[in-house]
Amino acid sequence: MKIDKELKTPLYDQVKNIFEKKIINREWEEGYQLPAEKELAKTFNVSNITIKRAIHDLVAEGYLYRQSGKGTFVKLKEETDLTRLVTLRNEAWEDQYHPHRTIEFKEEAASAELKSKLNINKGNIYTIHRVKLKNDIPIAIEYSYIPADKFPELKKADMDSELLYNLFTRTFKKTLKKAKIYFSIIFADKYQAELLQIPEKEQLFLLERYTVDEQSNIIEYSKFILKQDQSNFYLEINL
């Protein structure tokens, strides 16, 4: 793989793409130590600054990590099952390994948009805003919206002491029928960037979940905003 200085693509992007392919194709395996930046600059006939920028971006995206006084090493992204991350039934597993920090819990009037999402004409909703953590590092932002009339007297203390799935099925005796999940891409605004500790306009996954009970009522609408730099997300389907 060579650098083409005639291309409009910035040199650091070309170097970054070469490094990324080596990692993805396992030419550079997990724990592999990259050659010194001066050596890489000589190999690709580019400046040290170009190599530094490419490595900086790959560190930010989770492909590489630096060890002070030792060098730069390959860090393979761990695989994360999306069904575990967003399915209510797996909350117990998720809360053990990816605990939450509640930012906001309140009861309020539903906006026109949320009335449409929840298929309700009137009434209040509970708004729950949380951050999912891994090793004390934020990996996802969650917003959940629940019709208040279906879960009367729900309190923040309930959310802090009990899982959402258990509240639905045990406390309020709801039988859950199915959940429908939509996937899309967004770019981090200032608030999301600060909360997830990433640069503004970084690409994020947006997952939207609708949970339905046995009467086909939507009892929960949630949004999950996920960082892409820590994991390769996958879905496993039994055939």
Side-chain angles (χ1 to χ4, degrees), residues 1-82 84-86 97-99 101 131-142 183-207 223-236:
M1 297 180 183
K2 293 184 179 180
I3 299 298
D4 188 345
K5 295 185 177 181
E6 300 299 319
L7 291 177
K8 292 182 179 180
T9 306
L11 295 179
Y12 74 85
D13 256 345
Q14 294 186 51
V15 173
K16 175 189 167 187
N17 290 338
I18 291 172
F19 290 179
E20 189 173 334
K21 285 179 182 177
K22 287 178 179 290
I23 294 168
I24 291 172
N25 294 335
R26 302 297 177 96
E27 185 178 339
W28 288 355
E29 295 187 346
E30 183 174 10
Y32 171 80
Q33 183 175 3
L34 273 64
E37 291 177 0
K38 285 184 179 180
E39 185 180 338
L40 289 169
K42 184 177 180 181
T43 300
F44 291 99
N45 191 26
V46 295
S47 68
N48 284 5
I49 293 174
T50 296
I51 297 295
K52 284 181 184 294
R53 174 66 187 274
I55 289 175
H56 175 273
D57 286 1
L58 289 169
V59 169
E61 292 177 16
Y63 287 101
L64 301 173
Y65 67 95
R66 298 180 186 273
Q67 265 190 299
S68 180
K70 292 188 176 181
T72 304
F73 300 83
V74 172
K75 173 187 173 185
L76 293 183
K77 294 184 177 182
E78 71 173 52
E79 292 188 336
T80 299
D81 186 349
L82 277 175
R84 285 191 179 274
L85 209 59
V86 299
Y97 293 100
H98 299 154
R101 173 165 56 88
V131 176
K132 189 185 290 288
L133 306 170
K134 181 180 180 181
N135 299 324
D136 293 324
I137 297 172
I139 61 169
I141 302 171
E142 298 181 16
F183 300 80
S184 59
I185 297 293
I186 62 171
F187 296 92
D189 61 22
K190 184 177 180 180
Y191 177 72
Q192 292 161 353
E194 289 177 356
L195 209 55
L196 292 173
Q197 302 171 11
I198 57 173
E200 280 188 60
K201 299 183 180 179
E202 184 164 311
Q203 186 169 285
L204 301 167
F205 280 129
L206 171 63
L207 278 65
K223 295 192 299 184
F224 302 84
I225 300 171
L226 309 176
K227 292 169 68 173
Q228 298 186 40
D229 64 345
Q230 298 296 318
S231 297
N232 286 320
F233 297 105
Y234 71 92
L235 291 171
E236 187 170 25

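No hydrogens, no waters, no symmetry mates; every other heavy atom, side chains included, goes into these values.
Counting heavy atoms from C-beta outward, Arg66 and Ile55 have side chains that approach closer than 4.5 Å. In this structure, the side chains of Leu64 and Ile23 come closer than 4.5 Å at one or more pairs of heavy atoms.
For Lys223, the side chain to side chain donor-acceptor pair (under 3.5 Å) test picks out no residue, with sequence neighbours left out. Partners of Phe73 under the ring-ring contact (aromatic ring centres under 6.0 Å, His included) rule, at least two apart in sequence or in another chain, are Tyr65.
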Just list the side-chain donor-acceptor pairs under 3.5 Å for residues 34-45, sequence neighbours left out, or say none.
from, atom 1, to, atom 2, distance (Å)
Glu37, OE1, Lys52, NZ, 2.8
Thr43, OG1, Glu39, O, 2.9

Can you give each donor-acceptor pair under 3.5 Å made by side-chain atoms of residues 191-198, sequence neighbours left out, with the distance rounded to 0.1 Å?
from, atom 1, to, atom 2, distance (Å)
Tyr191, OH, His129, NE2, 2.8
Gln192, OE1, Asp189, N, 3.1

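At distances below 3.5 Å, at least one donor-acceptor pair connects side-chain atoms of Gln14 with backbone N or O atoms of Thr9. For Lys227 (side chain) and Pro138 (main-chain N/O), a donor-acceptor pair under 3.5 Å exists by modelled atom type.
Considering Leu58, Val15, Asp57 as possible partners of Glu20, the one that fulfils the side chain to side chain contact (heavy atoms under 4.5 Å, CB included) test is Leu58.
The CZ atom of Phe19 sits 4.5 Å away from the CD1 atom of Ile51 when rounded to the nearest 0.5 Å. Atom NZ in Lys132 sits 13.5 Å away from atom CD1 in Ile225 (nearest 0.5 Å). To the nearest 0.5 Å, atom CG of residue Leu226 and atom CD of residue Gln203 are 12.0 Å apart. Interatomic distance, CZ of Arg53 versus NZ of Lys16, reported as 8.5 Å (0.5 Å rounding). For the atom pair CG of Asn17 and OH of Tyr12, the computed distance is 10.5 Å after rounding to the nearest 0.5 Å. For the atom pair Asp13 CG and Ile18 CD1, the distance stands at 11.0 Å (nearest 0.5 Å).
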For Phe205 and Ile185: C-alpha separation, side-chain torsions, deciding distance, then whether side chain to side chain contact (heavy atoms under 4.5 Å, CB included) applies.
CA-CA 5 Å; Phe205 280 129; Ile185 297 293; 3.5 Å; yes
For a side chain to side chain contact (heavy atoms under 4.5 Å, CB included) check, start with the C-alpha distance between Ile24 and Tyr63, then their side-chain angles and the critical distance, and finish with the verdict.
CA-CA 9 Å; Ile24 291 172; Tyr63 287 101; 4.3 Å; yes
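Counting all heavy atoms, side chain and backbone alike, Ala188 lies closest to Pro199 at CB-O, 4.1 Å.
More than 12 heavy atoms of other residues, nucleotides or ligands lie within 6.0 Å of CG in Leu206, so this atom counts as buried by the packing criterion.
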